Amino acid sequence: MSGARLRIAMHGAAGRMGQAIARAAIDAGDAELVAAIDRSGTGSVEGIAVTSDLGAIAGADVVIDFSHRDAVRGVAEACGKHGKPLVVGTTGLADDAIAALDALARTQRVVLAANTSVGVTVLFHLAREAARLLGEDFDAEIIEVHHGRKLDAPSGTALRLAEAVAEGKHLDASSFVHGRSGMVGARKKKEIGIHAVRASDVIGEHTLMLSGPSERLELVHRAHDRGLFARGALRAARWVASPGAPGRYDMRAVLGLG
Ligand code: NAD
C-alpha cells in the first residue's frame, strides 16, 4: 500500500455488499474505490463505472470480493497475475476456489471470511475462552434470532459459535442438539443446544448462554444494520494490504487474535 488512501477494486460491486462496502469506504475517508467490477458490466457504483474486466484490478492496492461462489477462482487467478492481495467474503466456496486462493496465498496475503463482522469474530473468541474457563459444569445453549425470510436454520454463524464452544469444551459436532421436542429426556452434560427463532425483521442476533450452578453467563451479539459486514471487510482490506507474510488468513488474524 502506498501510505495514501487505500485503493480498492471491488468485485461484485453492483451487489448489496459491493455497494455497502463502496459506501463504507467513502464514509471511512481513508479508502477509495478505484475499480467496480461486476459481471453485468453496466451502470456505476459511487461514481465509478462498472466493468466486467478483471484487468481493472491493476490500479488497486487490494481486491475485495463479495460476488458469487463460481466467480472466486477467476478473481484469485487475476490477483495472482497482477500481484494483488485479496479479501474474499463470498460464501459457499467449492474446493477449486479454495485451491486457487491457496495458490494465491503462496505469494500474497489473502483473507477468507464467511462473516466479516468484527463483533462476531470477537464473540467466537470470547465463546471459546468462556467455555474453556467455565468447564463442564456450565451448560452451553445457543439461541439465534433472524428475520422470517431467512431460508436456512440454524444460521451459519450459530454453527460457527457452537464450534467455538465445542473447541473450548474439547467436544465436537456430535454434541450439537438442534431444538428440542417431545420426550427428549434429561439434558446430557456434553450437549450444546442450538435454537433458531424467526421473527419479523430482525437482522441477526446470537446469544450464548453458559449456565452453571447458581449463576449464568450470557454473551450476546446484535446486528444493527448490514454495514457491520462492510466495515469489517474494509478492516480486513487494510490489514491484508499492509506488509506481512503471504498466506491465507481469517478475521481472527485481522483482529490480532491469532
Ligand atoms: P448480491 O447478489 O446482492 O451481489 C452479488 C453480486 O455479484 C451481483 O452484483 C452479481 O452480479 C455479481 N456477480 C455474480 N456472479 C459474478 C461473476 N461471475 N463475476 C462478477 N460478478 C458476479 O449478493 P450479496 O448479498 O452482496 O452477497 C454476495 C456474497 O457475499 C454472497 O456469497 C453472500 O453469501 C456473501 N456475504 C458474506 C458476508 C460476510 O460477512 N462475509 C456478508 C454478507 C454476504
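No experiment lies behind these values; they were computed from the predicted model shown. Remember, it's 1-based here, ligands and their atoms both numbered in the order they're listed. Throughout, residue positions are numbered sequentially from 1 according to the sequence presented.
- Heavy atoms of other residues, nucleotides or ligands lying less than 6.0 angstrom from CG of Asp152 number more than 12.
- Side-chain atoms of Ser242 and Arg109 form a donor-acceptor pair, as typed in the model, at a separation below 3.5 Å.
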Below 3.5 Å only, please: the N or O atoms of ligand 1 paired with protein N or O atoms, distance on each line.
| from | atom 1 | to | atom 2 | distance (Å) |
| --- | --- | --- | --- | --- |
| ligand 1 | 3 (O) | Arg16 | N | 2.9 |
| ligand 1 | 3 (O) | Arg16 | NE | 3.3 |
| ligand 1 | 9 (O) | Gly15 | N | 3.1 |
| ligand 1 | 9 (O) | Asp38 | OD1 | 3.4 |
| ligand 1 | 9 (O) | Asp38 | OD2 | 2.7 |
| ligand 1 | 11 (O) | Asp38 | OD1 | 2.6 |
| ligand 1 | 21 (N) | Arg39 | N | 3.2 |
| ligand 1 | 25 (O) | Arg16 | NE | 3.2 |
| ligand 1 | 25 (O) | Arg16 | NH2 | 3.4 |
| ligand 1 | 26 (O) | Arg16 | N | 3.4 |
| ligand 1 | 26 (O) | Met17 | N | 2.9 |
| ligand 1 | 32 (O) | Thr91 | N | 3.1 |
| ligand 1 | 32 (O) | Thr91 | OG1 | 3.3 |
| ligand 1 | 34 (O) | Thr91 | OG1 | 2.6 |
| ligand 1 | 40 (O) | Thr116 | N | 2.9 |
| ligand 1 | 40 (O) | Thr116 | OG1 | 3.2 |
| ligand 1 | 41 (N) | Gly89 | O | 3.1 |
| ligand 1 | 41 (N) | Ala113 | O | 3.0 |
| ligand 1 | 41 (N) | Ala114 | O | 3.1 |

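- Shown here is Lys189, whose NZ atom has more than 12 heavy atoms of other residues, nucleotides or ligands within 6.0 Å.
- When all heavy atoms of Asp61 and Ala241 are compared, the closest pair comes out as O-CB, 4.3 Å.
- Using modelled atom types, one finds no donor on one side chain facing an acceptor on the other under 3.5 Å when comparing His146 with Ser155.
- Salt-bridge formation is detected for the pair Glu77/Arg73: a Lys NZ or Arg NE/NH1/NH2 atom is positioned less than 4.0 Å from an Asp or Glu carboxylate oxygen.
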